[in-house]
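Below is one structure, written out as structure tokens, with a few remarks after it.
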There are 2 protein chains.
Amino acid sequence: MSRGLDAALRLVRAQAALMKRFDAGLGGLHGVSLADFTMLLRLSEAPGDRMRRVDLAEALGLTASGVTRGLVPLERIGLVRRDADARDARVAYAALTETGRERLADMLVTAEHVAEDIFAEPPWTKEEAAQLAGLLSRLGGTGFTRREPGGA
Amino acid sequence: MSRGLDAALRLVRAQAALMKRFDAGLGGLHGVSLADFTMLLRLSEAPGDRMRRVDLAEALGLTASGVTRGLVPLERIGLVRRDADARDARVAYAALTETGRERLADMLVTAEHVAEDIFAEPPWTKEEAAQLAGLLSRLGGTGFTRREPGGA
DNA sequence: GACACCTCCTTGACTACTCAAGCATATCTC
DNA sequence: GAGATATGCTTGAGTAGTCAAGGAGGTGTC
């Protein structure tokens, strides 16, 4: 097996393990999944803490229906609000509520703890984690914090 | 956001993109998903091309029911056979059939093509791919080809 | 050899997505 | 301004997994 295929298969396997750990941490403390957290985090990075649902789908690598379904529980528990567009009645925005912002801040703390745990044993150096992030950023995942260095 | 969390989130996102590409390549040519391919590949690495279903689950990071459900279509199309254990009537083996071995060889060619594609643009060096595989092997994914270097 | 207990596996009910279809609204062309 | 086409979103049906429960078989103790 080539190095590339080996790396790809390892990546798929690693993802499942990571997802379980984040789901456990976030679910236990905040009752949300990693997918929920990721949605909220993405919204928090958008100007005005809101995005058109179709853009959110694109950013998360989901389909529009995935976003519709994923947002339902977050709207129900009041973390996300649905805003209409004044100019175009087709579009609906997903917007973080005040509660959503607060809860997300807590979730972020938890997520950082989980990440620390993951990279603690065996211990990773900052350089290795950065190297991993760098290599992964080449693989189609758009990644977070797109703000250009020096921008904003 | 810490480097670790950033890397973890990128990894989750990258996995989804990779899985889609493998599913498209393998599904189009062989009618199987990446999950199917991974199951077959694992079996092919086991002595006698067979494993107890519970061990297969462990190796793939699935639950026992995930294996039961995942094997059903592979048994139906004759790539995997169900073997009983002579000593212990509880255990059932999942075993690659002759057809399964042949088809897997073809799938492996396709998977290598997909992996080549993935790492071709932007071009990765062998060292970078190896580096990625190395970093990922630390993240709970047991990885493939457990045979030690020098073995087999 | 009867009982408790453990292991392997499957099943029913659920979750989180997908795709295909459909509805509502915009936009473009004439 | 009417029709064709494109866009944004939701919904129904299907897929791939999860967990909890349970059946069938093995094991250990007395």
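Naming: A, B, ... by sequence-line order, numbering from 1 per chain. Note that this is a predicted model, so its numbers are computed, not measured. Atom set for the values below is all heavy atoms of this structure, side chains included, hydrogens, waters and symmetry mates excluded.
The minimum heavy-atom distance between B:Arg82 and B:Ala92, with the atom names listed, is NH2-CB, 3.7 Å. Closest approach of A:Glu58 to B:Arg13, counting heavy atoms only: O-NH2, 3.6 Å. Between A:Val114 and A:Gly25, the closest heavy-atom pair is CG2-CA, 4.2 Å.
Checking each of B:Arg3, B:Gln131, B:Arg138 against A:Glu128 for a side chain to side chain donor-acceptor pair (under 3.5 Å) leaves exactly one that passes, namely B:Arg138.
Looking at heavy-atom distances under 4.0 Å, A:Ala64 makes contact with a base.
Residue B:Leu56 contributes atom CG, which lies 19 Å from atom P of C:dT7 at whole-angstrom precision. Taking atom CG of A:Leu71 as the reference point, atom P of D:dG8 lies 16 Å away to the nearest angstrom. Taking atom CG of B:Asp85 as the reference point, atom C1' of C:dC8 lies 11 Å away to the nearest angstrom. One atom, CZ of A:Arg13, and another, P of D:dG17, lie 13 Å apart when rounded to the nearest Å. Across the protein-nucleic acid pair, B:Gln15 atom CD and D:dA16 atom C1' stand 13 Å apart, rounded to whole Å. For B:Phe37 and D:dA16, the CZ to P distance is 17 Å, given to the nearest whole Å. Protein atom CG of A:Leu62 is 16 Å distant from nucleotide atom C1' of D:dG8, rounded to whole Å. If you measure from atom CG of A:Leu60 to atom P of C:dA16, you get 15 Å, rounded to the nearest angstrom.
Partners of B:Asp85 under the side chain to side chain contact (heavy atoms under 4.5 Å, CB included) rule, at least two apart in sequence or in another chain, are B:Arg87, B:Asp88, B:Val91, B:Tyr93.
Contact annotation: B:Arg82 side-chain N/O to C:dT10 OP1/OP2 distance is under 4.0 Å. Taking 4.0 angstrom as the limit, A:Thr63 places a side-chain polar atom (N or O) nearer than this to OP1 or OP2 of C:dT18. Look at B:Arg69 and you won't find any side-chain N or O under 4.0 angstrom from OP1 or OP2 of C:dT10.
Closest to the B:Val91 side chain, of the nucleotides C:dC19, C:dC9, D:dT10, is C:dC9.
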(request) Classify every nucleotide of nucleotides 20-29 of chain D by which part a protein heavy atom approaches to under 4.0 Å, writing B for the base, S for the sugar-phosphate alone and - for neither, in 5'-to-3' order. (result) -----BS---
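Mapping A:Glu75 and B:Ala35 onto DNA chain D by nearest heavy atom places A:Glu75 closer to the 5' end of the strand. Between B:Arg52 and A:Val67, the residue anchored closer to the 5' end of DNA chain C is B:Arg52, taking for each the nucleotide with the nearest heavy atom.
Residues A:Leu132 and B:Leu136 meet the side-chain proximity criterion, which asks for heavy atoms closer than 4.5 Å.
Annotation: ring pair (Phe, Tyr, Trp, His ring centres under 6.0 Å) contacts involving residues 102-127 of chain A, sequence neighbours excluded, comprise A:Phe119-A:Trp124.
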